[in-house]
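Right, one structure below, let's go through it.
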Amino acid sequence: MSRPRIVIVGAGFAGYRTARTLARAARGRAEITLLNPTDYFLYLPLLPQVAAGILEPRRVTVSLAGTLPDVRLVLGEAGRIDLDGRTVHYTGPEGERGSLGYDRLVLAAGSVNKLLPIPGVAEHAHGFRGLPEALYLRDHVTRQVELASSDGEGPLCSARCTFVVVGAGYTGTEVAAQGQLFTDALVRAHPLRKGMRPRWMLLDVAERVLPELDERLSGTADRVLRERGVDVRMGTSVKEATPDGVLLTDGEFVGTRTLVWCVGVRPDPLAESLGLPMERGRLLVEPTLQVPGRPEVFACGDAAAVPDLEKPGAYAPMTAQHAWRQGKVAGHNIAASLTGGELRPYRHKDMGFVVDLGGVKAAANPLGIPLSGLPAGAVTRGYHLAAMPGNRVRVAADWLLDAVLPRQTVQLGLVRSWSVPLDTASPELARVPDGRERRETDTASGGAGAPSAGGRKAVGGGGGDDTSRTITSPTPEPVRSESAKRNRQAAKPAEPAKPRQDAEQSRPQPAPTRSSPTRSAPQEGDR
């Protein structure tokens, strides 16, 4: 008798936890396949520390093969799902096509950057959803400070030292907090002209920082940011982005070469492509995480609208906390559906939140007890070590080294600006040139960065955020949507963006990959 086939689409927090729970429950009695574009699980909450040079990139990645030995890993991006034929069609990393049959399907496709119809966003935007974006931001910030140090004076020098983050949720707050410390360290190695200091701005249309959290945690984060010199502006966003800066909604123009998009996420369009009942872009499911009318299909994480049984009429928010716990319930229920066992409804109770503000600073409320300063920092780092499914010793070692040694402030030049467009359904994958693009890139002169000066910029309003630091777990990572065949059609470069007078403008700007009309209207989501 053949073993039942279970296919899990996505290895973010929901998909990874589902696979791990299922493998332990099935004990070899089921064939479990995990479809994901990368061979690792990304611990997204620590990504700001990668961008700030505290952690090396591999520290926040957990090998899927190494931690899920009883699960078959298939590298690829899901394109089309035939629900009637029970088949998932996908495209592999080298363009090869394949399909996977299933008896049970788990959709844990995660989310992508949320776009807003603001002029200039498509041309100048960078998100913060994957390792390539974090590596690019680290190089880009380092380059701007180094160039400003050699420029001397003038508006260009000031613009290079101005870094604007839009969205004061978890990700934006942590990026601004870590970024200010990082640039201060850079300036010690590359002194600026007298009286000049790197300037970080944090914008949001909300009334306060971290609006989704308790006011005491919000107040702690706001105070720490302002004490470090971060320009926190609530009730303000970006009206337009240009190659030379951003126009704010209050009428002020800020010269900058760096604008980071942290305004939130929206469900992966793969869920919408199924033609099933939706709720704001998320697939409607029952409390057992089954899709109505399709008992063999389960959905969890950001792609699923899971009823909140503690708040009738509401749905569980798009946070890692919920994705991680939903994955556990999904794994149990799939195993129960194969053996005739009882299916559990998803219920959840928050145990608190943590926000890492860099150094020894943090804001936390474990079990509802508000903490700040060193105690909050200890709780936050202890929580992350406990929540990570691997690499704990390496992460702790990096933290120790960062406490006693100066950071290595060098550019690696591994990720170009056009490799990490904001409008992408695959933020975990850096775009790779092909054909004529590859030849032009290989022969182009110039340093570690990307084509447009200082890279693309991200703009947008505040609101939801994508990286929940909760006491019960961190944040989901997306798996791809829409027709995966578009990966193979991105060989032609688009018209280059308006060049800046910068060292990065020598390379072409390919068009963003895998965009589609289904992604033009932003969806709500506040991970």
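Residue numbers run from 1 in the order of the sequence given.
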Any side-chain heavy atom of [X] within less than 4.5 Å of one from [Y]?
{"X": "E296", "Y": "L105", "answer": "no"}
{"X": "R20", "Y": "P389", "answer": "yes"}
{"X": "L131", "Y": "L47", "answer": "yes"}
{"X": "T33", "Y": "Y102", "answer": "no"}
{"X": "L422", "Y": "L115", "answer": "yes"}
{"X": "L68", "Y": "Y16", "answer": "yes"}

Please report the shortest heavy-atom distance between [X] and [Y], naming the atom on each side.
{"X": "L274", "Y": "L83", "result": "O-CD1, 4.3 Å"}
{"X": "P427", "Y": "P132", "result": "O-CD, 3.8 Å"}
{"X": "L35", "Y": "L75", "result": "CD1-C, 4.4 Å"}

Answer yes or no: is there a donor N or O on one side and an acceptor on the other, between the side chain of [X] and the main chain of [Y], under 3.5 Å?
{"X": "D308", "Y": "A316", "result": "no"}
{"X": "T424", "Y": "V420", "result": "no"}
{"X": "R347", "Y": "E310", "result": "no"}

Please state whether the rings of H348 and Y346 are parallel, tilted or perpendicular, taking 30° and 60° as the class boundaries.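 It falls in the parallel class, under 30°.
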Aromatic rings W324 and F41: how do their planes relate, parallel, tilted or perpendicular, breaks at 30° and 60°?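 The arrangement is tilted - the two ring planes meet at 30° to 60°.
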So how far is it from I334 CD1 to T21 OG1, rounded to the nearest 0.5 Å?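 One finds 9.5 Å between CD1 of I334 and OG1 of T21.
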Rounded distance (nearest 0.5 Å) linking atom CG of L217 with atom CG of N365: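 Going from the CG atom of L217 to the CG atom of N365 covers 4.5 Å.
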Residue pairs, two or more places apart or on separate chains, that pass salt bridge (charged side-chain N to carboxylate O under 4.0 Å, His left out) and touch residues 389-413: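 Qualifying pairs, neighbours excluded: R59-D398, D402-R407.
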Can you list every pair that meets salt bridge (charged side-chain N to carboxylate O under 4.0 Å, His left out) and has a residue in residues 364-382, with sequence neighbours left out?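 Residue pairs passing salt bridge (charged side-chain N to carboxylate O under 4.0 Å, His left out), neighbours aside: none found.
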Atom CZ of R5: over 12 foreign heavy atoms under 6.0 Å: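 Atom CZ in R5 is packed in, count exceeds 12.
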Under the side-chain hydrogen bond (donor to acceptor under 3.5 Å, both in side chains) test, which residues partner Q290, sequence neighbours left out?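 Here the qualifying residues are T288.
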